[in-house]
Peer 1: 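The following block contains the structure, expressed as structure tokens.
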Amino acid sequence: MLKTMQKHGVTLAIFAAALTGLTALVNELTKPTIDQQAARQQKALFDQVIPSEVYDNDLQQSCFIVQAPQLGKGNHRVFIARKGDTPVGAVMEATAPDGYSGSIQLLVGADFAGTVLGTRVTEHHETPGLGDKIEVRLSDWILQFAGKVINGDNDTAFAVKKDGGEIDQFTGATITPRAVVNAVKRAGLYAETLPAQLNNLPACEE
């Protein structure tokens, strides 16, 4: 009986080792393809928030980590766009913490003079059929940010109409668009401070 158990134990150990090795091999073989696909998806998203003619560097390789309350709690990635050697704008990961159903994750493109170049929502939990109109696949609402100028922190026009601003909200929903508008405004204002910080920002880890 003991020998039989030992034999089965060895067999199971060999099988487990072989399975682990196979899993590692598959992971190693597929990782480059997965990484390439993720990079393509990221580039496609970048193209939606910052025009490709604005910059000529490899935006994905110009990544920095910042801790900025304007972008939300914790670390956020910022990608610096350059034309030649001149920084011209940034793509920033930002969080709107006050969505109707929780935090809303955004990607905001802006130059350093107060102009928003584009915005997209990357993650949210807003109400289907109402708050989820912040998604570009469901509504063109998010497109209205491209080209809008933020005239300082006290710019009352950069707000939803219910708050006295110029930006449309949704019928029957104000909390979600207000959260996005405010987050985009904060990110745009933060972008204006970036040129002075560039020499001190830590690069993203590979």
Side-chain angles (χ1 to χ4, degrees), residues 45-55 57 59 62-83 86-100 102-124 126 131 133-136 139-170 173-201:
L45 194 56
F46 283 178
D47 287 344
Q48 295 178 50
V49 300
I50 185 168
S52 58
E53 63 268 19
V54 169
Y55 64 98
N57 65 317
L59 192 55
S62 185
C63 178
F64 300 89
I65 296 293
V66 301
Q67 286 189 335
Q70 301 94 319
L71 300 181
K73 292 182 179 179
N75 292 335
H76 290 265
R77 292 185 300 175
V78 170
F79 302 83
I80 301 300
R82 300 175 186 270
K83 193 76 168 181
T86 305
V88 294
V91 173
M92 301 160 286
E93 294 178 343
T95 301
D98 47 356
Y100 184 79
S103 296
I104 300 169
Q105 305 303 324
L106 304 163
L107 201 63
V108 181
D111 67 14
F112 299 136
T115 300
V116 178
L117 302 174
T119 303
R120 291 294 185 274
V121 172
T122 57
E123 182 183 341
H124 74 89
E126 300 303 278
K133 292 177 183 176
I134 54 177
E135 290 186 46
V136 71
S139 165
D140 61 0
W141 180 83
I142 201 78
L143 303 180
Q144 67 184 304
F145 288 100
K148 282 197 175 298
V149 178
I150 307 170
N151 294 302
D153 188 48
N154 296 320
D155 184 2
T156 57
F158 204 95
V160 294
K161 290 181 177 178
K162 189 171 183 178
D163 296 335
E166 299 177 348
I167 301 175
D168 292 330
Q169 60 236 11
F170 309 145
T174 304
I175 294 176
T176 300
R178 178 188 288 135
V180 172
V181 170
N182 290 339
V184 172
K185 182 178 181 180
R186 290 191 297 269
L189 290 171
Y190 175 70
E192 296 183 46
T193 72
L194 279 170
Q197 303 181 53
L198 291 182
N199 292 332
N200 300 313
L201 294 180

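Excluded from the calculations below are hydrogen atoms, water molecules and symmetry mates; all remaining heavy atoms, backbone and side chain alike, are included.
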Peer 1: Is there a side-chain contact between K83 and V54, using heavy atoms and a 4.5 Å cut-off?
Peer 2: no

Peer 1: What are the two closest non-hydrogen atoms of A191 and A110, and how far apart are they?
Peer 2: CB-CB, 4.0 Å

Peer 1: Looking at R82 and P87, what are the two nearest heavy atoms and their distance?
Peer 2: NH1-CG, 3.4 Å

Peer 1: For the residue pair R77 and C63, what are the closest heavy atoms and their distance?
Peer 2: CD-SG, 3.8 Å

Peer 1: Report yes if the side chains of F46 and L107 come closer than 4.5 Å at any heavy-atom pair, otherwise no.
Peer 2: yes

Peer 1: Please report the C-alpha distance between K161 and D168 in whole Å, then the side-chain angles of each, then the deciding distance to 0.1 Å, and finally whether the side-chain contact (heavy atoms from CB on, under 4.5 Å) criterion is met.
Peer 2: CA-CA 6 Å; K161 290 181 177 178; D168 292 330; 2.6 Å; yes

Peer 1: Less than 4.5 Å apart, side chain to side chain, heavy atoms only: is that true for L106 and I134?
Peer 2: no

Peer 1: So, H124 side chain and I104 main chain: donor-acceptor pair closer than 3.5 Å or not?
Peer 2: no

Peer 1: Going from CD1 on I50 to CG on L45, what distance comes out if it is rounded to the nearest 0.5 angstrom?
Peer 2: 12.0 Å

Peer 1: Would a 4.5 Å heavy-atom cut-off, applied to side chains only, mark R120 and L143 as touching?
Peer 2: yes

Peer 1: What class does the angle between the rings of W141 and F170 fall in, given that below 30° is parallel, 30 to 60° is tilted and above 60° is perpendicular?
Peer 2: perpendicular

Peer 1: Is there a donor-acceptor contact under 3.5 Å from the side chain of D155 to the main chain of I150?
Peer 2: no

Peer 1: Taking atom CZ of F112 as the centre, does the number of heavy atoms from other residues, nucleotides or ligands within less than 6.0 Å exceed 12?
Peer 2: yes

Peer 1: Are F158 and V184 packed together at the side-chain level, in the sense that at least one heavy-atom pair is separated by less than 4.5 angstrom?
Peer 2: yes

Peer 1: Rounded to the nearest 0.5 Å, what separation is found between the CD atom of E123 and the CD atom of E93?
Peer 2: 11.0 Å

Peer 1: Can V121 and Q105 be said to form a side-chain contact (heavy atoms from CB on, under 4.5 Å), step by step?
Peer 2: CA-CA 6 Å; V121 172; Q105 305 303 324; over 6 Å; no

Peer 1: Looking only at heavy atoms, what is the nearest atom pair of V78 and A90, with distance?
Peer 2: CG1-CB, 4.1 Å

Peer 1: Going by side-chain contact (heavy atoms from CB on, under 4.5 Å), F145 matches just one of V49, V108, I167. Which one?
Peer 2: I167

Peer 1: Between CG of L117 and CG of D111, what distance do you get to the nearest 0.5 Å?
Peer 2: 5.5 Å

Peer 1: Taking atom CG of L198 and atom OG1 of T193, what is their separation to the nearest 0.5 Å?
Peer 2: 9.5 Å

Peer 1: Walk me through it: do V180 and I142 pass the test side-chain contact (heavy atoms from CB on, under 4.5 Å)?
Peer 2: CA-CA 9 Å; V180 172; I142 201 78; 4.1 Å; yes

Peer 1: To check you understand the geometry: which heavy-atom pair defines the closest contact between S62 and N57, and what is its length?
Peer 2: CB-ND2, 3.6 Å

Peer 1: If we only count heavy atoms from C-beta on, is the V181 to Q169 side-chain gap below 4.5 Å?
Peer 2: no

Peer 1: What is the distance from atom CZ of R186 to atom CE of M92, rounded to the nearest 0.5 Å?
Peer 2: 12.0 Å

Peer 1: At their closest point, which heavy atom of G114 faces which heavy atom of E192, and how far apart are they?
Peer 2: CA-OE2, 3.5 Å

Peer 1: What's the separation between atom OG1 in T115 and atom NZ in K148, rounded to the nearest 0.5 Å?
Peer 2: 11.5 Å

Peer 1: Hey, is R178 close enough to D163 for a salt bridge, meaning N to O under 4.0 Å?
Peer 2: yes

Peer 1: State, yes or no, whether a side-chain contact exists between V66 and Y190 at a heavy-atom distance under 4.5 Å.
Peer 2: yes

Peer 1: Any side-chain heavy atom of L194 sitting closer than 4.5 Å to one from I80?
Peer 2: yes

